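Just follow the structure's listing: the first ligand is 1, and inside any ligand the first atom is 1. Source: prediction; values computed, not measured.
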Amino acid sequence: MNSTRERWASKLGFMLAAMGSAVGLGNIWRFSYVAGENGGGAFLILYLASILIVGIPLLLVEVSIGRKAKSDVVGSFQTLAPKKPWYLAGFLGVFGALLILGFYSVIAGWSMYYFWNYLTGQFFTVPEQGYGAAFEIFTTSTAQPLMWHAIFMVLTITIVLTGVKKGIELANKIFMPALAVLLIILTVFSLSLDGAMEGMRFLFQPDWSVLGNPSVYIAALGQAFFSLSLGVGAMMTYGSYLSDHHKLPGATVGIGLMDTFFAVISGIVIFPAVFAFGIEPDSGPVLVFITLPDIFSQMPFGGFVGILFFLSLTLAAVSSSVSLLEVPVAYLMRVAKWSRKRASIFTGMVIFILGIGASLGMGAWAGFTPIGQHNIMDSMDYIASNVFLPLVGLVMALFAGWHFSKKEALTAADLGHHPVGNWWYILVKYFAPVIIVIIFLNTLGIL
Ligand code: PFF
């Protein structure tokens with residue numbers, strides 16, 4: 001095995017980085033808007049089911065493949081299955097990572113802009129035209145959002161090119177607990193708003209009629225994949241920096257539960273406020289950027305909460321984007337023999353360019369809707385999350401279930417002598433692939 005390959009300093013280091021990857025804009029920004037667009041309660045149930053039945057088992061698959069092969073997403077398949085076509089899924093993963101980071105960085109740029117506006121006091125009180133219009137003016141303009149997107153990419157590139165460890169591990173140790181504490185404080189406050197109960201009903205009282213709509217299933221599955229950072233090879237690449245003696249099952253369950261906690265709790269912050277302030281729950285990707293400032297403006301010390309909140313959100317976004325950038329960087333370092341620095345700068349620039357489309361799609365290019373009614377950003381998100389991620393996830397499940405022998409799969413996942421090993425194997429070999437295929441066919445209208 002390649003002995004010069006980088007390693008995590010400890011299992012805790014891996015856990016923090018993987019949690020940092022999982023917890024990000026997906027838990028707060030994406031979860032709330034996708035739940036809002038897909039009817040709330042019934043979506044939540046499908047989402048939780050996807051996490052438990054498909055997401056966490058596949059997280060274990062992805063990390064265990066990476067740790068066994070000690071390579072990037074393409075190289076791992078090539079190492080474990082030489083001359084077989086499995087590695088093609090690795091390319092889809094690399095492509096998915098580029099696509100996701102392209103728009104993710106734009107949203108993270110918005111978060112930085114909000115942080116800046118709180119820091120300078122400008123968002124302490126409601127702007128003249130209201131937070132909604134202020135947000136709209138900002139996002140539909142050309143230069144400013146692009147500048148924040150660029151700043152965010154520079155930050156991400158800088159961390160990746162110095163090697164993932166020190167900076168990101170430390171930032172995660174401080175800001176993830178801070179984000180959790182802030183969300184809990186915000187929950188209490190949000191629940192005290194007039195009309196809060198309507199929001200809670202929206203999130204927790206399923207409207208079963210929603211389940212008749214096939215798009216809800218793919219949305220829930222896509223959100224589970226996105227939120228757990230599955231299906232692009234980020235977790236595989238992180239797993240490849242892990243030593244063999246660190247046990248995986250407990251770590252993956254911990255990552256999955258932590259990630260779910262952040263999503264559910266953000267829902268409990270956001271939906272009561274959505275209803276209290278008369279915002280439509282299906283307002284789409286702009287949701288949190290309008291509701292949260294409204295909550296803060298009514299809270300005692302709301303301005304400071306705003307500063308801390310958007311700082312934590314930005315850092316949560318950084319730790320996720322670092323893992324996304326690491327996917328193509330690890331690949332290029334191996335294949336093109338580029339230095340980490342060169343690979344990070346080159347890939348970061350490609351991603352910046354991709355993000356320009358996502359950003360301008362909010363304003364100057366708003367008329368361009370690649371799929372259906374979706375603007376460029378939504379289209380990138382939709383294709384990556386609802387097609388690429390589940391597809392690559394499917395291939396990973398098939399790889400562990402059908403390419404590996406049962407013994408190999410269980411040993412790779414450290415479940416060789418564990419009572420849940422059989423259950424996990426059945427889920428991975430049969431259940432997860434069947435569910436993913438059914439949901440795909442259902443979405444395409446074939447079922
Ligand atoms: N899981 C991240 C979030 O919820 O914000 C997003 C993400 C990171 C998706 C890394 C995919 C990935 F590989």
Purely on distance, is any nitrogen or oxygen of [X] under 3.5 Å from one on ligand 1?
X      : value
Gly26  : yes
Ser323 : no
Val232 : no
Leu25  : yes

Identity and separation of the nearest protein heavy atom to atom 12 (C) of ligand 1 | Leu324 CD2, 3.3 Å
Say you draw a straight line from CG of Leu325 to OG1 of Thr156; how long is it, rounded to the nearest 0.5 Å?
-> 7.0 Å
Below 4.5 Å, heavy atoms only, C-beta onward: do Ile157 and Thr347 meet side chain to side chain?
-> no
With the side chain counted from C-beta on, respond yes when Thr139 and Val286 share a heavy-atom pair under 4.5 Å apart, and no when they do not.
-> no
Please state which part of Ala22 comes within less than 4.0 Å of ligand 1, counting heavy atoms only: side chain, backbone, both or neither.
-> backbone
Tyr104 contact mode with ligand 1 (heavy-atom cut-off under 4.0 Å) | side chain
Charged N to carboxylate O below 4.0 Å: is that the case for Asp244 and Lys70?
-> yes
With a 3.5 Å cut-off and no angle check, do the side chains of Tyr33 and Asp378 form a donor-acceptor pair?
-> no
Number the atoms of ligand 1 from 1 as they appear, then name those within less than 4.0 Å of a heavy atom of [X], with their elements.
X      : answer
Ser21  : 1 (N), 2 (C), 8 (C), 10 (C)
Ala234 : 13 (F)
Ser227 : 1 (N), 4 (O)
Asn27  : 4 (O)

Taking all non-hydrogen atoms of both residues, which atom of Val387 and which atom of Phe440 are closest, and how far apart?
-> O-CZ, 3.7 Å
So does Phe204 have more than 12 non-hydrogen atoms from other groups sitting under 6.0 Å from CZ?
-> yes
